[in-house]
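Report on the following structure.
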2 protein chains.
Amino acid sequence: MIGMTVATLPTTRRNASQRRRAPEIIEAAAMVFAERGFHGATTQDIADVLGIRQASLYYYFSSKEAALELVCLRGVEGFFETGKAIAARPESAQKRLSLLISSHLSPMLDRGNFVKVFLNERQHLPAESRRRIGRWSRGLERIFEQVIEEGVTAGEFRAGLDARLVTLAVLGMCNAASSWYLKENKDVPAIASEFSNLVIYGLAIRPAKRRPTRR
Amino acid sequence: MIGMTVATLPTTRRNASQRRRAPEIIEAAAMVFAERGFHGATTQDIADVLGIRQASLYYYFSSKEAALELVCLRGVEGFFETGKAIAARPESAQKRLSLLISSHLSPMLDRGNFVKVFLNERQHLPAESRRRIGRWSRGLERIFEQVIEEGVTAGEFRAGLDARLVTLAVLGMCNAASSWYLKENKDVPAIASEFSNLVIYGLAIRPAKRRPTRR
DNA sequence: AATTCCATCTATCGACCTATAGAATAATTA
DNA sequence: TAATTATTCTATAGGTCGATAGATGGAATT
């Protein structure tokens, strides 16, 4: 359309990544939203982090809500896919649940703010994108739930447990980490290991009855 | 005190509860804050719930932040005291931890919105009241942590577990319930029972090794 | 060198929201 | 019933914030 010479796109068309600073801008938004919450944060706050003017942000996103959506998308991305891959492995339910816990915790290392914003602020997304993103997280819940049920039918886990409640317990436990892992001095593998032990032993069939160590 | 006959306060001084609707107003605030978050909610939203004018609210609280503080106070009240009482009982650590979990979950029945607001919105309190309220919740964490440590030294729980991480796991698990217990169709005793089992079995010393049921 | 494009800037509008002042009404007490 | 007190109202000030329009300067392209 513009600047065409002869054929289609003969010259080294500058189709290179437009908005080069986009990742930096969205990271700043994640940081500010994580710290103050979506409604508590102002676009001015984001601009301050970047050292640019408030209005300049609108070159990178069309609205504050759009920025939230970008942050939330990076906050969920990968969770469902890796979860699905782990659930499909040919290993014991114990092993798979343990891996699910690890992989659920690991994104906190490199994109903790994104995950935190997704967890706490997704309710403020406009209806449409909220539903879209909500599907991902319900999908992930189903993955956990199913592995737990498989563990029960395989005889690895206690019969009679409520897989739904256990799922909510495990996810609640893991997700809470996003709110304290910066303050506490614990590294992700240590957290994953402690949580896995708690859950795996907690669900396991107890081999023999034994009265609580008196004395 | 009230209804004295002769001496001080000759007439039936109307020292009765001023601001009669105060509990109703603060409940409406809790509901709105729980639903939209502190900054996402407007005083108009609260007034709409009550069917009064926005400005009339200021007869009941001096600022929106003051309303948040009132809600948060009811959201934490009792947790620390009952926790302390349970921890002091002369029972096994298992039993006490189990009771701590139950009692931590039960306020969701009658004041779920207050608890939810405390958990999610306390960060937006003015610095002073945030610190004051923060002390309560750190106190509660210490109670859990100590009971867990006592369980280890008593030989009820696995040696080598990280009591701090387990505390954060248990509280994360329980607190998450405030965000889903209305949607999920689970009653509080069922949740408490499932969570207790998970945690108590998860921490318990396993009586015997047993390889995962192959086939 | 001229042109086009990218990124950021200045300036500002309009909407929304908290909080105050003071009038008006309802309830209670003397 | 009159006086007093409690509650809600109207009106609006004052501030903040998101978003738009259009200008500016620099970099890349031709």
Side-chain angles (χ1 to χ4, degrees), chain A residues 1-29 32-33 35-71 121 124-126, chain B residues 2-5 9-29 32-33 35-71 121 124-126:
Chain A
M1 230 47 126
I2 295 174
M4 291 172 73
T5 34
V6 181
T8 49
L9 303 176
T11 61
T12 60
R13 199 85 183 78
R14 197 213 268 104
N15 55 2
S17 70
Q18 284 174 328
R19 323 278 124 124
R20 240 169 308 184
R21 294 228 281 164
E24 188 185 346
I25 270 75
I26 205 64
E27 179 124 21
V32 172
F33 289 161
E35 193 163 294
R36 316 199 178 184
F38 177 67
H39 287 295
T42 68
T43 51
Q44 183 65 61
D45 295 332
I46 302 174
D48 288 347
V49 169
L50 294 159
I52 62 176
R53 299 284 166 170
Q54 177 262 343
S56 304
L57 291 172
Y58 286 79
Y59 181 68
Y60 294 95
F61 49 74
S62 57
S63 71
K64 198 187 167 194
E65 281 181 346
L68 177 62
E69 185 168 358
L70 290 173
V71 172
E121 311 299 331
H124 302 117
L125 285 169
Chain B
I2 296 175
M4 291 169 75
T5 37
L9 304 173
T11 58
T12 58
R13 199 85 184 80
R14 194 213 270 108
N15 55 4
S17 70
Q18 283 175 330
R19 324 276 124 122
R20 239 169 308 188
R21 295 228 278 164
E24 188 185 345
I25 270 74
I26 206 64
E27 180 125 19
V32 171
F33 289 160
E35 193 164 294
R36 316 198 178 184
F38 176 67
H39 287 295
T42 68
T43 51
Q44 183 65 61
D45 294 332
I46 302 173
D48 288 347
V49 169
L50 294 160
I52 63 175
R53 299 286 167 169
Q54 178 262 342
S56 304
L57 292 172
Y58 286 78
Y59 180 67
Y60 293 95
F61 48 74
S62 59
S63 71
K64 197 187 166 193
E65 279 181 347
L68 177 61
E69 185 169 358
L70 290 173
V71 172
E121 311 299 331
H124 301 117
L125 285 169

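Since the structure is predicted, the reported quantities are computational estimates derived from the model, not experimental observations. Order of the sequence lines fixes the chain letters, A, B, ..., with proteins taken first and strands second; residue numbering starts at 1 for each chain.
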Practice prompt. Specify the residues of residues 55-70 of chain B, ordered by number, for which at least one heavy atom lies under 4.0 angstrom from an atom of DNA chain D.
Written response: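 The answer is B:Ala55, B:Ser56, B:Tyr59, B:Tyr60.
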Could you check how far [atom1] of [X] sits from [atom2] of [N], rounded to whole Å?
{"X": "A:Phe33", "N": "D:dG18", "atom1": "CZ", "atom2": "C1'", "result": "12 Å"}
{"X": "B:Arg19", "N": "C:dA27", "atom1": "CZ", "atom2": "C1'", "result": "15 Å"}
{"X": "A:Arg20", "N": "C:dC6", "atom1": "CZ", "atom2": "C1'", "result": "8 Å"}
{"X": "B:Gln54", "N": "D:dT12", "atom1": "CD", "atom2": "P", "result": "15 Å"}
{"X": "B:Glu24", "N": "D:dA6", "atom1": "CD", "atom2": "P", "result": "19 Å"}

Which residues pass the salt bridge (charged side-chain N to carboxylate O under 4.0 Å, His left out) test with [X], sequence neighbours left out?
{"X": "A:Glu69", "answer": "A:Arg132"}
{"X": "B:Glu35", "answer": "none"}
{"X": "A:Glu24", "answer": "A:Arg21"}
{"X": "B:Glu27", "answer": "none"}

Quick one: side chains of residues 44-55 of chain A, donor-acceptor pairs under 3.5 Å with protein atoms, not counting sequence neighbours, listed by atom name and distance.
{"residue": "A:Gln44", "atom": "NE2", "partner": "A:Asp48", "partner atom": "OD1", "Å": "2.9"}
{"residue": "A:Asp45", "atom": "OD1", "partner": "A:Arg36", "partner atom": "NH1", "Å": "3.3"}
{"residue": "A:Asp45", "atom": "OD1", "partner": "A:Thr42", "partner atom": "OG1", "Å": "3.3"}
{"residue": "A:Asp45", "atom": "OD2", "partner": "A:Arg36", "partner atom": "NH1", "Å": "3.2"}
{"residue": "A:Asp45", "atom": "OD2", "partner": "A:Thr42", "partner atom": "N", "Å": "3.0"}
{"residue": "A:Asp45", "atom": "OD2", "partner": "A:Thr42", "partner atom": "OG1", "Å": "3.2"}
{"residue": "A:Gln54", "atom": "NE2", "partner": "A:Thr43", "partner atom": "OG1", "Å": "3.2"}

Fill in: B:Ile25 CD1 to B:Leu57 CG distance, which is reported to the nearest 0.5 Å
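B:Ile25 atom CD1 to B:Leu57 atom CG measures 7.0 Å (nearest 0.5 Å).
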Item to complete: Answer whether the closest heavy-atom distance between the side chains of A:Phe38 and A:Lys64 falls below 4.5 Å.
Response: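 Result yes, sub-4.5 Å side-chain heavy-atom pair found.
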Discussion item. Under the rule for ring pair (Phe, Tyr, Trp, His ring centres under 6.0 Å), what residues qualify as partners of B:Phe61, not counting sequence neighbours?
Written reply: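 Partners of B:Phe61 under the ring pair (Phe, Tyr, Trp, His ring centres under 6.0 Å) test: B:Tyr58.
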Discussion item. Using the ring pair (Phe, Tyr, Trp, His ring centres under 6.0 Å) criterion, which residues pair with B:Tyr59? Sequence neighbours excluded.
Written reply: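 Counting only residues at least two positions away or on another chain, B:Tyr59 forms no ring pair (Phe, Tyr, Trp, His ring centres under 6.0 Å).
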Worksheet item: Does A:Arg21 make a side-chain N or O approach to OP1 or OP2 of C:dC6 shorter than 4.0 Å?
Response: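 No, because none of the side-chain N or O atoms of A:Arg21 sits under 4.0 Å from OP1 or OP2 of C:dC6.
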Item to complete: Look at A:Arg53 and C:dT10 and indicate whether a side-chain polar atom (N or O) is within less than 4.0 Å of OP1 or OP2.
Response: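 Yes, because at least one side-chain N or O of A:Arg53 sits under 4.0 Å from OP1 or OP2 of C:dT10.
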Worksheet, complete the sentence: With both pairing distances under 3.5 angstrom for Watson-Crick or G-U wobble, and | for a partner in another strand, the correct string for DNA chain C is ||||||||||||||||||||||||||||||
Practice prompt. Using side-chain hydrogen bond (donor to acceptor under 3.5 Å, both in side chains) as the criterion, list what pairs up with B:His124, not counting sequence neighbours.
Written response: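 With sequence neighbours excluded, B:His124 shows a side-chain hydrogen bond (donor to acceptor under 3.5 Å, both in side chains) to B:Glu121, given in chain and number order.
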Worksheet entry | Residues which pass side-chain contact (heavy atoms from CB on, under 4.5 Å) with A:Pro126, listed by chain and number, not counting sequence neighbours |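 A:Pro126 satisfies side-chain contact (heavy atoms from CB on, under 4.5 Å) with A:Glu65, A:Ser129 once adjacent residues are dropped.
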Worksheet item: Which of residues 36-52 of chain B sit near DNA chain C, with a heavy atom under 4.0 Å from it?
Response: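 Under 4.0 Å from DNA chain C: B:Ala41, B:Thr42, B:Thr43.
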